[in-house]
Amino acid sequence: MVSSTQQNERIRKRKTTTAGKRNKRTLRRIGTPAFPVHLEGYDKNAADAPKSSR
């Protein structure tokens, strides 16, 4: 049988790891706002426009 100290340490470690994962997931979700790649009025013939694959 495992000692209660060892068991508690393992439980604490598991909980902190899980909390960190949840925190990272939350921060990832709210991190970058959704924004349009090409705004209205964007010139497709501009110098910085991506080249067509054809």
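Starting from 1, each residue takes its place in the sequence as its number.
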Going by side chain to side chain contact (heavy atoms under 4.5 Å, CB included), name the residues that satisfy it together with [X], two or more places apart in sequence or in a different chain.
| X | value |
| --- | --- |
| Ser4 | none |
| Thr26 | Arg29 |
| Thr16 | none |

Check your understanding: Of Lys13, Gln6, Arg14, Arg12, which meets side-chain contact (heavy atoms from CB on, under 4.5 Å) against Arg10?
Key ->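 Result: among Lys13, Gln6, Arg14, Arg12, Gln6 is the only option passing the side-chain contact (heavy atoms from CB on, under 4.5 Å) with Arg10.
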
